[in-house]
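In what follows, a single structure is set out as C-alpha cells and then discussed.
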There are 2 protein chains.
Amino acid sequence: MRRTGDVLGPLVTRLAAIGSLTESDIDALLALPYTLREGKPGWEIVREGDRPSQCCLILDGTFGRFKMAAQGAKQIVSYHIRGDLPDLQSCFLPAMDHTLSALTVGTVAFIPHAAIRHILEETPLLGAKLLRESFIDSSVTREWLCNVGRRSSESRIAHLICEMFTRHRAAGHVDQFTFPFGLTQVAISDSQGMSTVHVNRVLQKLKANKLISSHAKSKAITILDWEGLQAVGDFDPRYLHILH
Amino acid sequence: MRRTGDVLGPLVTRLAAIGSLTESDIDALLALPYTLREGKPGWEIVREGDRPSQCCLILDGTFGRFKMAAQGAKQIVSYHIRGDLPDLQSCFLPAMDHTLSALTVGTVAFIPHAAIRHILEETPLLGAKLLRESFIDSSVTREWLCNVGRRSSESRIAHLICEMFTRHRAAGHVDQFTFPFGLTQVAISDSQGMSTVHVNRVLQKLKANKLISSHAKSKAITILDWEGLQAVGDFDPRYLHILH
DNA sequence: GGGACGACTTAACCCAAGTTAGCCTTGGCG
DNA sequence: CGCCAAGGCTAACTTGGGTTAAGTCGTCCC
C-alpha cells in the first residue's frame, strides 16, 4: 500500500492510521475525483451558514475550525493537518455551523459530496472507515472540552502540544521530537480560551522547565522531555484512536 | 406517523425533529430489536474503555457523558434526554473514550450494533438519518466548547438553560415555558467548568433578574423572559439543527 | 531605505471565580 | 422515629489569569 505519492495519498495514510484498509479500499480512495486549491493564512474555505456541495481534504498546512461568540470572541474548536477530512458532516447536515479556515499556507482537495455518498451507499464498509474519521474528530472535541473546562493553563497548552505532536507523527511529518507546530500564539489563545499574554507566559514557563524548545525561524517545536510534557498535560493518547 | 405510543417512539420523534422520515423509515425504526433497562442517578451505562456491542437509546430521564481529568476533576461533555442516541459512535470506534451515566432516574433501550449496522448497510438513506443525530451531537459539543472557552459564567449558564429548553421542547416535554431541567448544581458545574459555589451565585442572579424561576419540588425551571435569557446566553439555536 | 504590519514580549494592575468551611433542609431508610 | 447523605446556600478569603498598554523584532512592499 505504498501509494502515498498520489495526490490523495494523505487520506490513505490517515485512514490507515485509524483502521485497516484493503487494496480495493485504497484503490477506491485514490480514484476519488477532486479539485486542488491553495491558500494563505486567513483563507476561509467554508463559512458558517454555507451549504457546501463538496468536502475538504487537507493536504498540507494547518487549518482550524472556529465559531464566533458575542463581542467578537473567537473560539477555535479544532485544528486540522494533512489527511484530515474536517467537514464530512456537510454531507449530512445542510448548513455549516462553523467556519473552516487556513492558519498557515496550505493546500486542500475538494471532493464532491456525490462521490462521498457513492462510497457510503455502495461500499458501506469503506464508508464506515471514512465515518470513523469524523467520530474521532468528535472525540477530540470532547477532550478539548475537558482541556478548557478542567485543566490549568499550563496543563492545557502542554496537552495541546502533546496532541499535535502525536497527530503529526501519525501523519508522518515528525523528525525525532521536532515537528511543525505552525500555530501563532493568537491561534493558541483562541483555541484554549485564554489571552495571548498568558499563552506567552505559559510557553516561556514550559521552555524554562526544559519541556520544549522552539525554533523561531521554522516555527517548529522540539519536545525535550516527552514523558514530562505528557505528565504536565495530563495527556493520554487513547482519545485519538490511533492504532499501533 | 402517530406511532409514539411504541417503546421506540422517542427515537422516531427525535429523528423527525432533525430530518424527514418516510413511513418505511418509521416502520424500520420501530421494528428494531431492543432490551429495556432502568436505573437511578449514578448508574454507569457504559464506561470509558468498554467495548460495547449495543447502542443506547434514551427513553426517559437525563443522562450525561463525562471524562475524568487529573486529580479527580470531572468534565461532563454532553447531556442527553429522551430520543438521544448518545453512543452511536461505539458502532465505529471499538473502545469508549468516556463514560455514559444517569443523572436522574431514567430508562434506556439497548439496541444491538448488528441491528444498527444492518440499517446502515441495507438502507443507507435511513442510515444517514441516524448518523445525522451523531453529527448534531458533535455540533453541540463544539458549541459547548465555545461556551466554556469564551463566555462569562452568567452567559454560560443562561446558554445551557436555553439549549436544554429548546431540546426538551423538540422532544415534546415542555409546558409553555416550564420544563424538567433535572440537573443538580454539581452537574451544572461539572459541565460548565466552574465551581458549585459559583453556579449557585449565578443561578440566583438569573432569578434576581427575572429571567428564570425554579420550582424546588419538581426540579423544573420556568423561563420568565425567553428573549432576555437568549440575549444573556448569546444563544442561537441553529447549532442544534432542529427543523421547524 | 523606510513605513506598515503581524508576531511576540513584558510589566503593572485588578477582578471574576476558585477555595474552604460551615450551615440548613429534605428525603430515604434502618 | 431519628440518622445521615445529598443538595443547596452563604460568607470570608485568595488567586489565576485577564486587561491594558508599551515596547521589540522581523519581513514584506512601496
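A note on names: the letters A, B, ... follow the listed sequences, proteins ahead of strands, and every chain is numbered from 1. Below, each value reflects all heavy atoms present in this structure, side chains not excepted, and no hydrogens, waters or symmetry copies. This one's a predicted model, so the numbers in the text were calculated from it and none came from an experiment.
Nucleic acid contact for B/G42: none, since no nucleic acid atom lies under 4.0 Å from a heavy atom of the residue.
No donor-acceptor contact under 3.5 angstrom links the side chains of B/E143 and B/N147, judged on distance only. Between the side chains of A/R201 and A/H198, a donor-acceptor pair is found at a separation under 3.5 Å.
For A/D236, the side-chain contact (heavy atoms from CB on, under 4.5 Å) partners are A/R238, not counting sequence neighbours.
The nearest whole Å value for the distance from the NZ atom in B/K205 to the C1' atom in C/dA16 is 11 Å. Summarising the geometry, the separation between CD on B/Q71 and P on C/dG18 is reported as 16 Å, rounded to the nearest angstrom. Residue B/E154 contributes atom CD, which lies 18 Å from atom P of C/dC15 at whole-angstrom precision. If you measure from atom CD of A/Q192 to atom P of D/dG18, you get 11 Å, rounded to the nearest angstrom. Protein atom NE2 of B/H198 is 17 Å distant from nucleotide atom P of C/dT20, rounded to whole Å. Look at CZ on A/R150: it is 13 Å from P on D/dG17, rounded to the nearest Å.
B/D234 places a side-chain N or O within 3.5 Å of a backbone atom of A/A70 that can act as its donor or acceptor partner.
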N/O donor-acceptor pairs under 3.5 Å from side chains in residues 41-55 of chain B, not counting sequence neighbours:
from: B/E44; atom 1: OE1; to: B/R47; atom 2: NE; distance (Å): 2.7
from: B/D50; atom 1: OD2; to: B/R47; atom 2: N; distance (Å): 2.9

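The nearest heavy atom of DNA chain C to B/K40 and to B/R156 marks one nucleotide each, and the one closer to the 5' end goes with B/R156.
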message: So if I define the base as every atom that isn't primed, P, OP1 or OP2, how would nucleotides 5-10 of chain D read as a B/S/- string at a heavy-atom cutoff under 4.0 Å?
response: --SSBB
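Within 6.0 Å of atom CZ in A/R37, 12 or fewer heavy atoms from other residues, nucleotides or ligands are found, so the atom counts as exposed in its surroundings.
Look at A/S195 and you won't find any side-chain N or O under 4.0 angstrom from OP1 or OP2 of D/dT19.
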